[in-house]
Amino acid sequence: MKRTPHLLAIQSHVVFGHAGNSAAVFPMQRVGVNVWPLNTVQFSNHTQYGQWAGEVLAPQQIPALVEGIAAIGELGNCDAILSGYLGSADQGRAILTGVARIKAINPKALYLCDPVMGHPEKGCIVPQEVSDFLLDEAAAMADFLCPNQLELDSFAGRKPQSLFDCLAMAKALLARGPKAVLVKHLDYPGKLPDGFEMLLVTAEGSWHLRRPLLAFPRQPVGVGDLTSGLFLARVLLGDSLLAAFEFTAAAVHEVLLETQACASYELELVRAQDRIAHPRVRFEATPIEL
Ligand SMILES: Nc1ncnc2c1ncn2[C@@H]1O[C@H](COP(=O)(O)OP(=O)(O)O)[C@@H](O)[C@H]1O
Ligand SMILES: Cc1ncc(COP(=O)(O)O)c(C=O)c1O
Ligand SMILES: [Mg+2]
């Protein structure tokens with residue numbers, strides 16, 4: 001029987017609703033991965049409500065928890081690490097120490113970094129030191145990097161002029177170390193207004209994918225966290241990077257369809273669980289070259 005993969009997921013937790021681990025853990029479990037959630041913050045709700053209660057985890061707790069798993073002899077079973085929303089740059093450095101520790105025991109372990117840098121116009125703001133850390137330190141250690149357009153712009157230090165420019169910017173990131181860059185959300189001059197587009201860039205090739213853009217009165221939060229989590233989960237389950245990319249687009253679209261049908265602001269992950277595991281829609285990515 002095939003072994004169930006294990007994934008250490010280091011990102012935020014919200015008591016109510018879905019962002020960070022609260023958006024990604026259940027879907028990753030639902031597709032068949034054992035998840036070890038390590039919560040960088042515990043907030044009452046995500047920050048786009050404009051108010052929340054809760055605390056940021058002390059950075060020294062991250063290596064302490066990783067060492068606790070090592071002490072019971074289980075750390076070598078970790079097949080992948082995912083990191084997302086960070087409370088501080090020190091937390092980020094503690095995560096990289098944990099990644100190095102796990103890779104020393106299991107050199108095949110993969111690290112996916114979702115470089116969450118905030119979304120000023122959506123009210124999600126990340127300190128400059130966190131952005132600097134992601135650019136200067138985390139990208140070099142990541143096997144997979146999953147920026148959205150704003151994060152890609154920050155890495156490149158400029159805005160794109162076209163789709164091919166987005167591709168060039170994502171390709172430039174490969175030179176910093178990652179095996180693959182998944183751009184979760186593209187925005188460039190000339191983009192068709194009725195589509196939601198993503199890019200997958202690897203050393204073997206690059207692919208572009210378009211799915212319908214759905215109308216929401218308020219944009220749901222946690223879509224990026226759901227996207228990076230499902231992508232990594234499917235890679236661990238044995239999908240090729242391209243297959244994981246196409247699966248992720250379909251499963252996330254299913255969640256958004258369910259959320260839209262319920263007129264819900266929070267993602268309808270529980271109601272959509274069967275659609276996550278077995279998406280009915282399928283989107284084909286098309287090869288793209290410079
Ligand atoms: N098919 C879709 N239709 C409408 N909105 C979508 C669709 N897919 C994703 N979104 C929204 O697009 C936005 C993507 O935001 P972005 O900042 O690029 O990623 P992230 O979720 O990581 O913050 C989110 O607000 C998400 O709710
Ligand atoms: C606590 C927390 N985690 C994570 C996120 C990231 O969510 P998204 O996937 O929409 O980027 C947010 C966004 O507001 C947040 O408040
Ligand atoms: Mg995000």
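First listed ligand is number 1; within each ligand, the first listed atom is number 1.
Residue nearest to atom 13 (C) of ligand 2, selected from His46, Gln48, Met117: Gln48 (by heavy-atom distance). Here the shortest heavy-atom distance to atom 3 (N) of ligand 2, taken over Ser228, Ser12, Gly222, belongs to Ser12. Among Leu214, Thr227, Thr259, Asp225, the residue whose heavy atom lies nearest to atom 4 (C) of ligand 1 is Leu214.
Residue-ligand proximity: Arg211 is placed with a non-hydrogen atom under 4.0 Å from ligand 1.
Of all atoms in ligand 2, listed by their number and element, those nearer than 4.0 Å to a heavy atom of Val221 are 7 (O), 10 (O), 13 (C), 14 (O). Numbered from 1 in the order shown, with element, the atoms of ligand 1 that lie under 4.0 Å from a heavy atom of Gly224 read 20 (P), 21 (O), 22 (O). Against a heavy-atom cut-off of under 4.0 Å, Leu256 is close to the following atoms of ligand 1: 1 (N), 2 (C), 7 (C), 8 (N), 9 (C).
Residues Leu8 and Trp36 come closest through the heavy atom pair CD1-O, 3.4 Å. For the pair Leu135 and Ala139, the tightest heavy-atom approach, listed with the atom from each and the gap, is O-CB, 4.1 Å. Residues Val14 and His46 approach most closely at CG1-N, 3.5 Å, considering heavy atoms.
At under 3.5 Å, not a single nitrogen or oxygen of Phe216, backbone or side chain, sits near a nitrogen or oxygen of ligand 1. Ligand 2 has an N or O atom lying under 3.5 Å from an N or O atom of Gly224, backbone or side chain. The shortest N or O to N or O distance between Phe196 and ligand 1 is not under 3.5 Å. Backbone and side-chain nitrogen or oxygen atoms of Gly222 are examined, and none is located within less than 3.5 angstrom of a nitrogen or oxygen of ligand 1. The shortest N/O to N/O separation between Thr47 and ligand 2 falls below 3.5 Å.
Contacts of Val223 with ligand 2, taken as heavy-atom pairs under 4.0 Å, involve the backbone alone. Under 4.0 angstrom from ligand 1, there are no non-hydrogen atoms of Val221. Neither the backbone nor the side chain of Ala215 comes within contact range of ligand 1; no heavy atom lies under 4.0 Å. Contacts with ligand 1 closer than 4.0 Å are made by side-chain heavy atoms of Lys184 only, the backbone lying farther away.
If you check the side chains of Gln149 and Tyr188, you find no donor sitting under 3.5 Å from an acceptor. Side chain to side chain, Asn77 and Glu74 meet the donor-acceptor criterion of an N or O pair below 3.5 Å. Between Tyr49 and Ser44, the side chains place no donor N or O within less than 3.5 Å of an acceptor N or O (distance only, hydrogens not considered).
Phe231 has its ring centre no less than 6.0 Å from the ring centre of Phe245. Here His13 and Phe43 keep their ring centres 6.0 angstrom or further from each other.
Considering only heavy atoms from C-beta on, Ser206 comes within 4.5 Å of Lys171 through its side chain.
Geometric assessment of Arg211 against the ring of Phe283 yields a negative cation-pi assignment under the 6.0 Å and 45° thresholds.
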